[in-house]
Amino acid sequence: MGRLFDCSDLEQRAEGLTEAAAAVRRGDLVVIPTDTVYGIGADAFTPAAVTALLEAKGRGRETPPPVLVGTVRAATALIDDLGPYGQDLIDAFWPGPLTLVCKANRALSWDLGESKGTVAVRMPLHPVALDLLKETGPMAVSSANRSGATAATTAQDAEEQLGDAVAVYLDGGKATDNTPSTILDLTTAVPRMLRRGAVPIEKLRGIIGYVATDD
């Protein structure tokens with residue numbers, strides 16, 4: 001069974017972050033709190049780890065995981081082009097629950113699945129997640145649950161669903177808002193909302209004007 005660390009205790013938090021960073025470097029999986037729900041994460045640049053993440057969730061390569069970053073600089077290194085709106089959206093909503101789908105940097109050597117040359121990037125507003133991401137670099141992170149099951153709002157929820165597939169669980173307490181992140185596609189001429197979430201479309205339009213939807 002993976003080790004669980006209570007991040008409300010400063011000693012356990014420090015030990016847990018060290019253990020989680022080491023696990024990510026080994027290619028193992030970790031569970032982390034975010035500003036939405038708990039996430040299961042792996043080194044974004046270790047294909048076997050990303051494959052293990054998808055297998056733990058019971059998900060195929062046709063659904064590549066988003067990538068979480070600890071800094072804006074780390075995000076821009078992953079992206080080929082932010083387009084005319086990306087930087088304004090980052091300035092307004094990061095760190096926070098907005099995922100941006102952009103064209104991926106073609107020079108990167110990674111395999112997130114059938115991403116079709118794009119990457120979904122987010123910088124979460126959670127101190128534990130940010131501290132780990134600044135240590136590990138970009139991580140592939142998806143909600144910490146089996147595919148089709150309810151997203152985990154506690155580390156214990158995640159542990160019940162994922163068990164031994166995860167090496168380290170970082171317990172940041174119960175998620176206060178389980179609304180998922182808003183997903184916005186910036187790979188087309190007009191930004192398109194792919195998933196409604198914690199950032200309302202009205203706020204997006206307040207920054208960039210028109211946003212297309214499938215409604």
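The only member of Asp35, Leu68, Leu130, Leu98 that meets side-chain contact (heavy atoms from CB on, under 4.5 Å) when paired with Met123 is Leu130.
The side-chain contact (heavy atoms from CB on, under 4.5 Å) test applied to Glu55 returns Thr51, not counting sequence neighbours. Partners of Asp177 under the side-chain hydrogen bond (donor to acceptor under 3.5 Å, both in side chains) rule, at least two apart in sequence or in another chain, are Thr179. With sequence neighbours left out, Leu194 forms a side-chain contact (heavy atoms from CB on, under 4.5 Å) with Val101, Ile183, Asp185, Arg192. With sequence neighbours excluded, the residues forming a side-chain hydrogen bond (donor to acceptor under 3.5 Å, both in side chains) with Arg3 are Glu15, listed by chain and number. Shown here are the side-chain contact (heavy atoms from CB on, under 4.5 Å) partners of Glu135, two or more places apart in sequence or in another chain: Ala21, Arg25.
A heavy-atom distance below 4.5 Å is found between the side chains of Thr34 and Arg122. Residues Leu89 and Leu204 are in side-chain contact: their nearest non-hydrogen atoms beyond the backbone lie under 4.5 Å apart. With contacts defined as side-chain heavy-atom distances shorter than 4.5 Å, the pair Leu133/Pro124 qualifies.
Side chain of Thr188 to backbone of Val190: a donor-acceptor contact under 3.5 angstrom is found. Between the side chain of Gln12 and the backbone N or O of Asp171, no donor-acceptor pair lies under 3.5 Å. Between the Lys103 side chain and the Ile79 main chain, no donor and acceptor come within less than 3.5 Å of each other. Looking only at distances, no side-chain donor or acceptor of Thr154 sits under 3.5 Å from a matching main-chain atom of Lys174.
Interatomic distance, Asp164 CG to Glu159 CD, rounded to the nearest 0.5 Å: 9.0 Å. Between atom CG of residue Leu53 and atom CD1 of residue Ile40 there is a gap of 4.5 Å, rounded to the nearest 0.5 Å. Between the NZ atom of Lys57 and the CG atom of Asn145 there is a distance of 4.0 Å, given to the nearest 0.5 Å. Atom OG1 of Thr63 sits about 8.5 Å away from atom CD of Glu114, to the nearest 0.5 Å. The CG atom of Asp43 lies 11.0 Å from the CG atom of Asp28; values are rounded to the nearest 0.5 Å. Between the CG atom of Asp157 and the OH atom of Tyr169 there is a distance of 11.0 Å, given to the nearest 0.5 Å.
Residues Val37 and Leu4 fall into different hydrophobic clusters, defined by Ile, Leu, Val, Met, Phe, Trp and Tyr side chains chained together at heavy-atom separations under 4.5 Å.
Side chain to side chain, Ser181 and Thr36 fail the donor-acceptor criterion of an N or O pair below 3.5 Å.
Among pairs with a residue in residues 31-86, those fulfilling ring-ring contact (aromatic ring centres under 6.0 Å, His included) read Phe45-Trp110, at least two apart in sequence or across chains.
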